[in-house]
Each structure stands twice: as C-alpha cells, then as structure tokens.
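Every chain is numbered from 1, with letters handed out A, B, ... down the list of sequences. Computed from a prediction, not measured in an experiment: that's the story for all the values here.
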Protein chains: 2
Amino acid sequence: MNKKVSLKDIAKAVGVSTALVSYVLNNKEKEARVGKEIAEVIRKKAMEMNYQPNQLAKSLKSGKSFTIGLILADISNPFFANIARTIEDEAKKYNYTVIFGSSDENAEKSRDLIEVLIERQVDGFIIAPTERTESQIESLKKANIPFVLIDRYFPKIQTNYVITDNFGAAYRATKHLIDAGFERIGMIAYKNGLIHMKERVRGYKQAVKDAAYGKALLKEVTYEMGEGEIQDKIDELINGKQKIDALFFATNTLSIHGLKYLNRKKLRVPDDVAVVCFDECDAFDFFYCPLTYVKQPLVEVGQQAVNILLKKINNPEKEEEQVSLASDFVIKKSSAK
Amino acid sequence: MNKKVSLKDIAKAVGVSTALVSYVLNNKEKEARVGKEIAEVIRKKAMEMNYQPNQLAKSLKSGKSFTIGLILADISNPFFANIARTIEDEAKKYNYTVIFGSSDENAEKSRDLIEVLIERQVDGFIIAPTERTESQIESLKKANIPFVLIDRYFPKIQTNYVITDNFGAAYRATKHLIDAGFERIGMIAYKNGLIHMKERVRGYKQAVKDAAYGKALLKEVTYEMGEGEIQDKIDELINGKQKIDALFFATNTLSIHGLKYLNRKKLRVPDDVAVVCFDECDAFDFFYCPLTYVKQPLVEVGQQAVNILLKKINNPEKEEEQVSLASDFVIKKSSAK
DNA sequence: AGTTACTGTTTAAACGATTAAATCTCAAAT
DNA sequence: ATTTGAGATTTAATCGTTTAAACAGTAACT
C-alpha cells in the first residue's frame with residue numbers, strides 16, 4: 001500500500017521544513033525568499049515523488065473549495081444535460097469543479113442535495129428550482145450562501161437569476177401560428193406554479209387575446225402523470241367542438257409524447273394539425289416533418305450563471321443580478337398552412 | 001456575514017469541550033459514556049444553531065471522502081448520460097457522492113480530469129476509458145487507487161471492469177439479418193482501437209463468415225470526422241458493386257447520422273435497406289419504421305460498477321473482478337424482409 | 001482509610017496544508 | 001568588536017473534526 005505523498009514526505013526527503021516546500025510549490029519563493037538551489041531540489045523531488053496536493057486540506061485552510069453545486073430539475077432532459085455541460089466547461093475555465101445532482105422536480109430530493117453539497121463546502125450554487133422549494137432558497141439567502149437560479153425563479157424572492165424570456169417566446173410562437181392563418185390553436189402545458197411555465201402560458205393567452213378571435217384552448221397536465229394524461233388532453237382538444245388546427249407544446253418532453261401520440265392517431269403534421277414546440281431535441285430530426293421550435297440560448301444561460309455566481313462568490317456584497325435572455329425562433333414546415 | 005457553525009461554536013455555547021459534542025452528534029454516546037442530559041442539551045443546541053458538519057474536515061481526518069470520480073467518454077450521449085444517472089443513484093444508497101466529468105474521447109482531457117479528481121481525494125474511480133489512456137490506467141493501478149472500467153477495458157491490463165458482451169451481441173444482430181434472408185450486410189463502425197468497437201466488428205465478421213457467403217462489407221469512420229464521412233461511407237456501401245441490402249450501425253450516434261442520411265437519400269427502411277442498431281435512443285421513437293436494436297443493460301452496468309468499486313475501496317486486497325453482461329436484442333420492423 | 005471501578009468530561013495530537021512570526025547565519029557597516 | 005540587516009529557514013498556530021488517553025469525581029468494597 002503506497003500511501004499518498006504529502007508535503008511532509010517531500011520535506012523529509014529533502015531535509016527541510018514543510019513550510020519551504022509549500023512556498024516553493026506555490027511559487028511564493030520570491031516573497032518567502034527561498035534559496036534558489038534548494039527550490040530546485042524541492043521541485044525536482046516533488047516531481048519525482050509524483051506529489052499531488054490534497055485539495056481537501058487546502059480548502060479547509062482557505063475556506064474555499066473551488067467547487068460549485070449544481071442542482072438541475074431533471075438530468076435526463078437534454079435541455080438540462082446541455083446546460084450542465086456548458087456550466088462544467090465554463091467553471092473549469094476558472095478552476096472550479098462542478099458537483100451536480102438532479103432533483104427530479106422533487107422538493108425533498110432538492111433539500112437533501114442542498115444539504116449534502118453544503119456539507120461538502122461548495123462555494124456556491126446554481127439551481128433550477130422546483131415547486132415548493134421557496135423555503136430552501138430563502139434559507140440559502142439567509143445563510144448568505146451565494147447562488148444563482150436558472151430557468152425558473154421566484155418573483156417574491158429577490159435573487160440572482162438567469163432565465164429566458166418565456167412570455168416573449170411563447171407570444172411570438174403563438175403569434176406566428178395566428179399569422180400563418182391557424183384559428184384554433186391549442187396548447188399543452190404542465191400544470192404547476194413555476195414561473196417559466198406560467199409565463200409561457202401567459203404569452204400564449206395574450207397572443208390569442210390580441211388576435212381577438214376564439215378563446216384560449218389550454219390543457220394542463222401534471223408532471224407526475226406521464227404519457228396517459230397527455231394523450232387524454234390531446235384527445236379533448238381534437239374531439240372538442242372547437243377542433244384545433246394547431247398545437248403548441250410547452251416543453252420538449254411534452255412535444256415528444258404529444259407527437260408520438262399524433263403519429264399513433266394518424267394525424268398528419270401540418271395538414272391535420274400544425275405544431276410548434278418549445279425547446280428542441282435530437283429526436284426531432286427523425287420526425288417526418290421538420291418542426292418549428294423555440295430555441296433557448298442554453299450556452300448563454302450556463303455561462304452567465306457561472307459568471308454571476310463567481311462574481312457573487314468573490315464579492316458577497318454584490319447586488320443581485322437578474323438576466324432575461326431572448327430565444328431564437330426556428331421556423332420549419334410543421335407550422336405552415 | 002454569518003459564518004458557518006462549527007463544533008467549537010456549539011461547544012462554547014453549551015459550555016463543554018468539542019470532544020463531547022463530536023461524540024454526541026456522531027451517536028457515540030454509549031462508547032464515550034456521555035451524560036444523558038448533557039447529550040440532550042447538545043443535540044438541541046446543534047439543531048437550534050443549524051449545525052452542518054464540515055465534510056472536508058471529516059474527510060481529511062478519516063482519509064475517506066465518500067466521493068466517487070466518474071469519467072465518461074461523452075456525456076451528451078444518452079448511453080452515458082443514463083449510466084451516469086444510475087451510478088449516481090446507486091452511489092447515493094451508500095452515502096457516496098459522485099463527481100463526474102466527460103473526457104470527450106480525448107486522452108488529454110481524461111488525464112486532467114483524473115488529476116483534478118485525485119487532488120479532491122476521491123475514494124475511487126469509475127471510468128469509461130478512451131483511446132491512448134492505457135498509461136493513465138496503469139498509473140492508477142500502480143498508485144493503488146481503486147477503480148472500475150466500464151463499457152471498455154484494456155486486455156493487456158488486469159483490472160476491474162464491467163462491460164457487455166459486444167462480440168455476442170454483434171454476432172446475434174448480424175445473424176438475425178442473415179437468418180431473415182439478407183445477403184449483403186454492411187456495417188458502419190468507428191475506427192479505433194477500443195475493445196468494445198473491435199469486439200462488435202469481430203462479432204459481425206464472424207457471423208458473416210459462418211454464414212459462408214459474401215464477404216464482410218465493413219466501413220470504418222473516425223470519431224472526429226463527423227457526419228460527412230459517415231455519409232461518404234454509406235454512399236460507398238450503396239453504390240458499390242456489392243450493393244448492400246442491410247446495414248448494421250455500431251453505435252447510436254452512428255445510427256442517428258446514418259438514418260438521417262438514408263432519409264435524405266430517400267432510401268426506405270426496410271424495403272431498400274434493412275437496419276439494425278447497436279444501442280437505443282429517444283430519437284428512434286420518431287423514425288417512421290420501428291428499429292431493431294441491441295439493448296445494453298445500462299442499469300446493471302452502473303450498479304455492478306458501483307458495487308465492485310465499493311468492495312475494492314473497502315478491501316484493497318480484493319482480487320480484480322471482470323463482468324461481462326449479456327444484452328437484449330429487440331426485434332422490430334426495420335430488419336424484416 | 002485505601003483501593004477499585006465506574007461514570008463523565010477534557011486534553012491533546014492528528015489529518016495536510018498555509019503563513020505570520022520567530023530564529024538563525026553571515027556579511028557589510030559602523 | 002559590535003551592530004545592523006538582509007537572506008534563508010524553521011516554528012507554530014490554524015482550519016474543523018475525530019479519538020485515544022488522561023483526568024476527576026463518586027460510589028462501593030475491603
């Protein structure tokens with residue numbers, strides 16, 4: 001069992017104190033006036049013994065772990081998976097490591113994760129918060145732990161956040177369908193109190209209202225209920241007296257399940273029903289009809305979140321920052337009349 | 001700035017030594033014979049002050065971080081994303097935290113990741129190794145750091161690993177096409193020295209050979225080259241004098257790019273060309289023709305990897321374990337004559 | 001009274017690193 | 001010869017925990 005090499009081991013091997021070794025290996029020779037030759041010897045020995053500093057000990061001493069805790073709502077969703085990747089890359093630029101976990105839209109899991117990560121002394125958090133986690137966010141704030149919310153935020157709590165303009169994007173998507181000549185536009189959304197979803201619904205309703213015809217044909221499904229409920233809601237929209245001619249899906253998972261069902265029902269896009277999706281997804285490439293979708297600026301969200309967080313970590317007095325980014329809107333055949 | 005609460009703070013507040021507090025909060029009252037009433041007081045105070053132990057300090061003292069380092073070849077691939085999730089869940093059962101990074105099939109990145117994670121004192125690694133990382137694996141072994149390889153391994157190095165039987169799965173997939181009556185079966189694979197890929201190719205070749213007709217129509221593409229090369233290779237298979245009537249894709253990414261191209265070329269599956277894929281993928285649900293594919297037991301790979309790793313961590317003398325799991329083979333329309 | 005045996009609590013070293021302060025060595029300046 | 005001071009190195013405290021060992025107090029037994 002070859003134990004790990006510590007500063008002490010090197011010190012012993014060279015015949016000096018650990019202080020000297022520390023100075024040399026941290027390039028503080030100048031300030032500490034370390035002898036030139038001995039510095040060389042130490043450096044060589046460290047190499048030779050394959051010394052790798054113990055980050056835990058460093059962190060303990062310095063009170064900084066150079067670690068960011070990332071809590072996502074659902075890692076299996078490519079939307080979040082891609083944000084995770086961006087955040088990891090961006091953090092690495094500043095020598096930060098990311099530890100992440102998925103709350104799976106579950107407040108308990110979220111609480112556990114935050115606790116574990118605090119115990120591991122993360123320097124700050126990036127969180128896509130879930131329903132009923134306001135209190136957790138409040139606690140972080142009270143404890144003066146730096147954090148940035150992404151994708152969603154709580155209007156009642158003053159925090160850092162980076163989101164996309166969901167209202168604007170949904171309005172534009174709906175308006176696009178209206179302008180294209182569709183008249184009974186349905187929307188499938190999740191039923192929850194999260195701001196991003198509310199905003200998307202609000203954007204849709206506003207656009208319908210502004211067009212001054214028909215009424216909003218909104219169906220909401222519960223996150224936990226799965227595919228079955230989505231299918232029921234689509235049935236309602238299709239079979240209602242207000243038979244829809246276009247459908248707006250509020251997220252990529254809703255799109256996938258919804259489109260699969262349209263396929264099953266042999267409804268052709270866009271002839272039987274036009275489709276616009278919020279978010280994209282690899283799978284769309286295989287759909288027979290190219291899909292129109294709202295393209296959120298994932299990379300920017302991730303980068304800005306990291307940057308704001310690091311600013312806050314390095315200056316806890318900093319004011320909270322709120323960023324709302326515009327999305328792209330990619331128009332394809334699925335929304336053509 | 002409310003600083004974090006430490007054992008010492010609680011000790012001071014209650015008026016006892018830190019030792020007592022430590023014993024109580026670690027439920028060692030029995031062994032340490034702590035007074036019943038004082039224990040209660042301490043516990044209450046800890047609650048009240050919202051004490052959260054510093055895991056770094058614990059780890060430093062104990063020499064165990066309860067952290068696993070996970071290095072994947074490509075986190076954007078759902079195959080790995082799902083394994084990551086399984087590993088996280090399984091690790092959590094044993095109170096381990098997972099820190100992961102993606103090597104993106106790049107030996108340099110892999111080396112950096114391993115170094116960072118060692119500095120953070122992970123107790124062990126789970127790694128899907130990339131080309132030209134043998135030396136890194138050798139180093140880990142020499143340093144006596146517990147690790148388990150997944151998906152791929154190096155035949156020349158005796159290590160723990162959990163893989164799936166790639167030869168068997170590829171053989172079966174090819175045989176299935178042969179039995180269905182296809183006669184010129186092409187294969188698109190990555191050109192690299194990694195064992196999992198070699199085994200898939202070997203399985204394919206063996207099946208073709210055993211069938212005693214035609215010769216293997218194998219095309220290999222480089223990982224870095226992207227879609228263009230895949231398209232060229234498919235063209236060669238389609239336009240060659242040995243025009244293929246079936247195609248076997250060696251990975252899910254190859255499948256996606258390949259199928260998109262078949263679509264573009266207006267080749268119908270399975271009428272113009274039958275298809276079998278290695279690995280599955282959400283996107284497959286949208287393909288007009290349900291796809292036949294090899295379904296690797298992801299969850300089992302993840303769970304076994306964690307379990308073997310933890311066994312090794314807890315008993316460094318333990319013999320290396322090699323596990324090869326059988327895959328499922330899901331037959332759909334895409335391979336029907 | 002003196003020994004033994006608990007019970008309850010504190011002391012102090014340790015993990016691996018950092019770093020201000022103390023110490024030691026010489027050579028130059030007085 | 002003594003002081004000064006700069007250069008080189010060590011000492012020791014510290015971060016937050018854990019834990020063996022030491023210590024103190026009380027009760028029971030001889």
- Heavy-atom nearest nucleotide on DNA chain D taken for A:Thr18 and for A:Lys36; more 5' hit belongs to A:Lys36

Would you say [N] has OP1 or OP2 under 4.0 Å from some side-chain N or O of [X]?
{"X": "B:Ser22", "N": "D:dT18", "result": "yes"}
{"X": "B:Lys8", "N": "D:dC15", "result": "yes"}
{"X": "B:Lys58", "N": "D:dG16", "result": "no"}

- Query: When you match B:Ala39 and A:Tyr23 each to their closest nucleotide on DNA chain C, which lands nearer the 5' end?
  - Reply: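 Nearer the 5' end of the strand: B:Ala39.
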
- Message: If you assign A:Ala19 and B:Leu20 each to the DNA chain C nucleotide with the nearest heavy atom, which residue ends up on the more 5' nucleotide?
- Response: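 Looking at DNA chain C, the more 5' nearest nucleotide goes with B:Leu20.
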
[X] [atom1] to [N] [atom2], straight-line distance once rounded to whole Å:
{"X": "A:Gln55", "N": "D:dC15", "atom1": "CD", "atom2": "C1'", "result": "14 Å"}
{"X": "B:Lys64", "N": "D:dT18", "atom1": "NZ", "atom2": "C1'", "result": "16 Å"}
{"X": "A:Lys61", "N": "C:dT19", "atom1": "NZ", "atom2": "C1'", "result": "6 Å"}
{"X": "B:Lys28", "N": "D:dT17", "atom1": "NZ", "atom2": "P", "result": "14 Å"}
{"X": "A:Glu37", "N": "D:dA8", "atom1": "CD", "atom2": "P", "result": "8 Å"}
{"X": "A:Lys4", "N": "C:dA14", "atom1": "NZ", "atom2": "P", "result": "21 Å"}
{"X": "A:Asn26", "N": "C:dA17", "atom1": "CG", "atom2": "P", "result": "10 Å"}
{"X": "A:Leu60", "N": "C:dA14", "atom1": "CG", "atom2": "P", "result": "17 Å"}

- Message: Base, sugar-phosphate or nothing for B:Ile38? Non-hydrogen atoms, less than 4.0 Å.
- Response: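 Sugar-phosphate, no base atom in range.
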
- Hey, does A:Ser6 reach any base, or is it just sugar-phosphate, or nothing, if we go heavy atoms under 4.0 Å? sugar-phosphate

Could you check whether any side-chain N or O of [X] sits under 3.5 Å from a backbone N or O of [Y], counting only pairs where one atom can act as donor and the other as acceptor?
{"X": "A:Gln322", "Y": "A:Thr159", "value": "yes"}
{"X": "A:Asp104", "Y": "A:Asn106", "value": "no"}
{"X": "B:Ser62", "Y": "B:Lys58", "value": "yes"}

- Query: Can you tell me how far the CD atom of A:Gln136 sits from the CZ atom of A:Arg132, to the nearest 0.5 Å?
  - Reply: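 It comes to 10.0 Å.
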
- Can you list the residues that meet the side-chain contact (heavy atoms from CB on, under 4.5 Å) rule with B:Glu300, with sequence neighbours excluded?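 By the side-chain contact (heavy atoms from CB on, under 4.5 Å) rule, B:Glu300 matches B:Pro297, B:Gln304, B:Leu325.
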
- Item | Presence of donor-acceptor pair under 3.5 Å, side chain of A:Tyr51 and base of C:dA17 | no

- Message: Counting only side-chain heavy atoms from C-beta out, which of D:dT17, D:dT9, C:dT10 sits nearest to A:Val34?
- Response: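 Per side-chain heavy atoms of A:Val34, the pick is D:dT9.
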
